[in-house]
Amino acid sequence: MIVMKFGGSSVESASAIERVAGIVRRVVARNPVVVVSAMGKTTQQLLNMGEEAAAGKKERALESLRTLRQMHEREIGALLPASGESEVRQILDGHFGEMGELLEQLSAEGEFTPESVDALSSYGERLSSRLIALVFSNVGMNAAHVDARCVVLTDARHKAATPLYPQTYARARDKILPLISQGKVSVLGGFIGATESGVTTTLGRGGSDFSAAIIGAGIGAEEIQIWTDVDGVMTCDPKLVPEARRVKTISFAEAAELAYFGAKVLHPSTLVPAIEKNIPVVVLNSRRPEIAGTRIVAEAVPCSNVIKAISCKRGIYIVNMRSTRMLMAHGFLNRIFEIFSRAETAVDMLASSEVSVSLTIDDPARLTEICQALREFSDVSVEKDQAIVCIVGDNLRDTPGVAARTFGALQGINIRMISQGASLLNLGFVVAARDAEKTVKLLHQEFFRCADPTVFD
Ligand code: ASP
Ligand code: MG
């Protein structure tokens with residue numbers, strides 16, 4: 001059994017879905033279970049509509065809803081013969097009718113609550129999974145749609161629900177294994193779940209990867225494939241460095257470090273259920289299925305390069321706090337963290353000195369309120385337009401001289417903060433965003449001039 005997850009861009013159009021059908025068809029002997037994202041940018045569009053409706057722009061929201069329907073109709077219609085049309089129309093009428101009602105309701109209430117956010121945004125995956133199951137059947141696959149909300153049971157934390165694992169795993173086995181024994185390819189929507197009482201929830205943006213891992217862990221899949229629009233994990237962003245290489249194998253721990261610090265390939269929590277059950281995760285490109293992708297496994301394979309990849313996350317803010325009075329007093333850090341925690345703002349990196357603490361955040365939504373609270377006991381300054389650059393690799397643990405090589409390669413670039421030690425696999429630092437590209441280029445030259453062919457393509 002394998003789980004194959006296809007992201008939004010892999011199912012964005014008729015031709016993309018046709019490719020997906022071809023990819024799945026070739027491996028039916030491995031008993032695939034398919035998890036799909038919403039088509040293209042559907043989720044974001046639904047969220048925009050909800051905002052508009054709640055802000056009194058109902059007509060605009062309903063207009064966008066019509067456009068979204070046309071997109072689904074056009075792309076799916078192109079894949080089905082006329083005889084399949086009535087079923088598609090039925091599915092579209094039902095789902096878009098409900099979405100229309102929901103928008104009416106949001107506009108009447110003037111509020112887009114987290115519960116409504118989940119209700120509305122869930123339709124992207126509910127639709128794509130139904131429609132793609134239909135397309136699969138149409139090309140002769142024995143496909144069955146499974147409503148993911150009957151499988152993924154979650155708590156009620158809307159917009160970022162946590163699955164209740166034992167129940168979810170039991171449901172995955174009960175619902176999916178019998179279909180597999182009947183030779184059926186199950187098709188589920190990612191991203192969505194439901195509470196015990198049946199209220200629709202979502203796992204957070206990008207959550208379809210997570211769904212795939214949860215379902216894979218539940219049924220005991222031998223492999224979880226994440227099909228996307230890149231060739232796999234790369235040594236760095238190929239847009240910054242065209243010479244970026246594909247990383248053929250990487251460990252869970254290395255991949256998680258990369259994901260946290262900006263590599264866009266995987267949702268970090270994806271890895272948790274897979275790690276627990278020791279199921280390899282493979283990242284693959286649905287536009288170039290012949291490329292072997294990146295295999296993410298429990299243990300790092302031996303590699304003659306010190307690092308596996310460089311990640312870069314822009315849009316970072318440094319918050320500096322200085323307090324001669326307080327810093328050495330115990331409880332100071334505690335007080336700082338409490339402020340960020342109350343503002344639900346995650347801290348990425350931290351550095352401290354005798355009288356000051358600097359930390360970074362990537363979400364400035366509540367920065368004003370944070371600074372106000374910090375000013376009660378320290379001098380505060382904020383620097384925006386920063387970037388966190390990280391080098392990641394299992395060999396960092398026991399290779400001396402990596403910091404010297406790193407900073408030696410970066411002469412002339414002003415390093416604003418450094419963090420090493422918290423994770424043995426990661427050396428991270430902050431530079432101005434305008435220096436980020438050059439930084440990554442220089443590091444790539446330094447660390448990948450010779451790339452070990454067993455690990456890099
Ligand atoms: N459709 C959802 C999103 O855009 C989930 C996903 O694609 O992973 O965030
Ligand atoms: Mg994604």
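Order of appearance sets the numbers: ligands from 1, and atoms from 1 within every ligand. All values below were derived from every heavy atom in this structure, side-chain atoms included, with hydrogens, water molecules and symmetry-related copies excluded. Each residue takes its place number in the sequence, starting with 1. Note that the structure is a prediction, hence the values are computed from the model and not measured.
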Min heavy-atom dist [X] to ligand 1 below 4.0 Å:
| X | answer |
| --- | --- |
| G7 | no |
| G124 | no |
| E125 | yes |

- Message: Under 3.5 Å between any N/O of S208 and any N/O of ligand 1: does that happen in this structure?
- Response: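 Between S208 and ligand 1 (N or O atoms, distance only) the closest approach is under 3.5 Å.
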
- Compute the shortest N/O to N/O distance between G204 and ligand 1 and return yes if it is under 3.5 Å, no if not.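 Between G204 and ligand 1, no N or O pair is found under 3.5 Å apart.
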
- Taking the side chain from D229 and the backbone from R287, do they hold a donor-acceptor pair closer than 3.5 Å?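 No; judged by distance alone, with no hydrogens or angles, the pair does not exist.
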
Distance under 4.0 Å to a non-hydrogen atom of [X]: what atoms of ligand 1 satisfy this?
| X | answer |
| --- | --- |
| S37 | 6 (C), 7 (O), 8 (O) |
| R205 | 3 (C), 4 (O), 9 (O) |
| T43 | 1 (N), 2 (C), 3 (C), 4 (O) |

- Task: Would you list the pairs meeting ring pair (Phe, Tyr, Trp, His ring centres under 6.0 Å) in which at least one residue belongs to residues 4-45, sequence neighbours left out?
- Result: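 The answer is F6-W227.
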
- Message: For residues 26-35, which residue pairs pass the salt bridge (charged side-chain N to carboxylate O under 4.0 Å, His left out) check, not counting sequence neighbours?
- Response: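 Counting only pairs at least two positions apart or across chains, the salt bridge (charged side-chain N to carboxylate O under 4.0 Å, His left out) contacts touching residues 26-35 are R30-E222, R30-E223.
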
- Message: Whether D209 and K5 form a salt bridge (side-chain N of Lys/Arg under 4.0 Å from carboxylate O of Asp/Glu) is what I want to check.
- Response: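 Here K5 pairs with D209 in a salt bridge, since their nearest N and O are under 4.0 Å apart.
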
- Does the side chain of S116 pick up a donor-acceptor pair with the side chain of T113 at under 3.5 Å?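 Note: S116 and T113 side chains meet the donor-acceptor criterion.
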
- Tell me yes or no: between the side chains of H444 and T235, is some donor less than 3.5 Å from an acceptor?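 Yes, T235 and H444 have a side-chain donor paired with an acceptor closer than 3.5 Å.
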
